[in-house]
Amino acid sequence: MSKQRIVEIVDYNPEWPRFFSELSTIIIDKLGNLALAIEHIDSTSVPGLAAKPIIDLDVVIASNELLLKVVCLLQELGYEHEGDKGIFGREAFAREASNVPRNGTSRIWINHHLYVCPQNSIALVRHLAFRDYLRNNPDQVLVYGELKRQLAQRFRYDIDSYCDAKTLFVEGILQQALPDR
């Protein structure tokens, strides 16, 4: 059963890259050289794309051998490790409260999803390929934005069905972006 929350799609917000940058700075400060990179992924990372107002971040690590250390450090910021949630090569983290990541201030952060991926994971490859394809194909940005708006109206209180209904479009883009996979 999906959580009862409203699926909201909003126009692209030019502040999203700044929000990503602020979040990633705190996370990279905590993780140091354990993080090879932090990638802004999914819809808020694509200029002009309508999206749910949720920043998605992929922390890239060298290998899963570092995961335990990363989990411990992220817990210090207030993130809870949730496992892979059914997606191999991508570890999910939930926020305990709206002031996570805790950085010594009482700041309330924009809603965001945090993932940790080994550098060679298929999940990371897919995230980056999808993002980069859309960034380079503005015609598809318009198509995808309109699809998301229609699906948000159709599945207003059913996030799982909303996500499932986008799958055909997403997989079609990935077939173009990753033709050899």
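Expressed to the nearest 0.5 Å, how far CG of Asn137 lies from CG of Leu142 amounts to 11.0 Å. Interatomic distance, Ile122 CD1 to Ile87 CD1, rounded to the nearest 0.5 Å: 12.0 Å. Here the CG-CG distance, from Asn13 to Leu49, works out to 12.5 Å after rounding to the nearest 0.5 Å. In this structure, the separation between OG on Ser43 and CD1 on Ile9 is 7.0 Å, given to the nearest 0.5 Å. Residue Asp29 holds its CG atom at 12.0 Å from CG of Leu73, rounded to the nearest 0.5 Å.
Residues that satisfy the salt bridge (Lys or Arg N to Asp or Glu O under 4.0 Å) test with Arg131, not counting sequence neighbours, are Glu39. Applying the salt bridge (Lys or Arg N to Asp or Glu O under 4.0 Å) rule to Lys52 yields no partners; only residues at least two apart in sequence or on another chain are considered. The salt bridge (Lys or Arg N to Asp or Glu O under 4.0 Å) search around Glu8 returns none, not counting sequence neighbours.
Remark: the Tyr133 side chain and the Gln176 side chain contain an N/O donor-acceptor pair separated by less than 3.5 Å. In this model, a donor atom of one side chain and an acceptor atom of the other lie less than 3.5 Å apart for Glu146 and Gln150.
A salt bridge is absent between Glu80 and Arg95; no separation between the charged side-chain nitrogens and carboxylate oxygens falls under 4.0 Å. Between Glu22 and Arg107 there is a salt bridge, with a side-chain nitrogen of the basic residue lying less than 4.0 Å from a carboxylate oxygen of the acidic one.
Counting only heavy atoms from C-beta outward, the side chains of Leu77 and Arg102 never approach each other to under 4.5 Å. With a 4.5 Å cut-off on side-chain heavy atoms, Val70 and Ile61 count as touching. In this structure, Leu57 and Phe20 have side chains that are in contact, with non-hydrogen atoms separated by less than 4.5 Å. Residues Asp158 and Val7 are not in side-chain contact: their nearest non-hydrogen atoms beyond the backbone lie 4.5 Å or more apart. In this structure the side chain of Val60 never reaches within 4.5 angstrom of the side chain of Cys117, judged on heavy atoms.
Of all non-hydrogen atoms in Tyr12 and Gly48, the two that sit nearest each other are CG-N, 3.3 Å. Contact between His127 and Asp58 at its shortest, heavy atoms only, is ND1-OD2, 2.5 Å. The shortest heavy-atom contact between Trp16 and His40 is O-CE1, 4.0 Å. Closest non-hydrogen pair, Leu66 versus Leu34, comes out as CD2-CD2, 4.0 Å. Across all their heavy atoms, Arg90 and Ala123 have their closest contact at CB-CB, 3.8 Å. Residues Ile27 and Leu114 come closest through the heavy atom pair CD1-CD1, 3.8 Å.
Atom CD1 of Ile108 has more than 12 heavy atoms from other residues, nucleotides or ligands within 6.0 Å. For Arg149, the CZ atom is densely surrounded, since the number of other residues' heavy atoms within 6.0 Å is greater than 12.
Residues Leu36 and Leu124 are members of one and the same hydrophobic cluster, defined by side-chain heavy-atom contacts under 4.5 angstrom among Ile, Leu, Val, Met, Phe, Trp and Tyr. The hydrophobic cluster containing Trp109 also contains Val116, counting ILVMFWY residues as joined when their side-chain heavy atoms lie under 4.5 angstrom apart, directly or transitively. The hydrophobic clustering, which links ILVMFWY residues whose side-chain heavy atoms are closer than 4.5 Å, places Leu31 and Tyr115 apart. The hydrophobic clustering, which links ILVMFWY residues whose side-chain heavy atoms are closer than 4.5 Å, places Leu128 and Val141 apart. Hydrophobic clustering (side-chain heavy atoms under 4.5 Å, transitive across Ile, Leu, Val, Met, Phe, Trp, Tyr) keeps Ile41 apart from Val170.
For Tyr144 and Phe169, the ring centers are positioned less than 6.0 Å apart.
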Report the C-alpha distance between Arg126 and Glu171 in whole Å, list the side-chain angles of each, state the deciding distance to 0.1 Å, and finish with yes or no for salt bridge (charged side-chain N to carboxylate O under 4.0 Å, His left out).
CA-CA 10 Å; Arg126 288 170 56 90; Glu171 291 302 323; 2.5 Å; yes
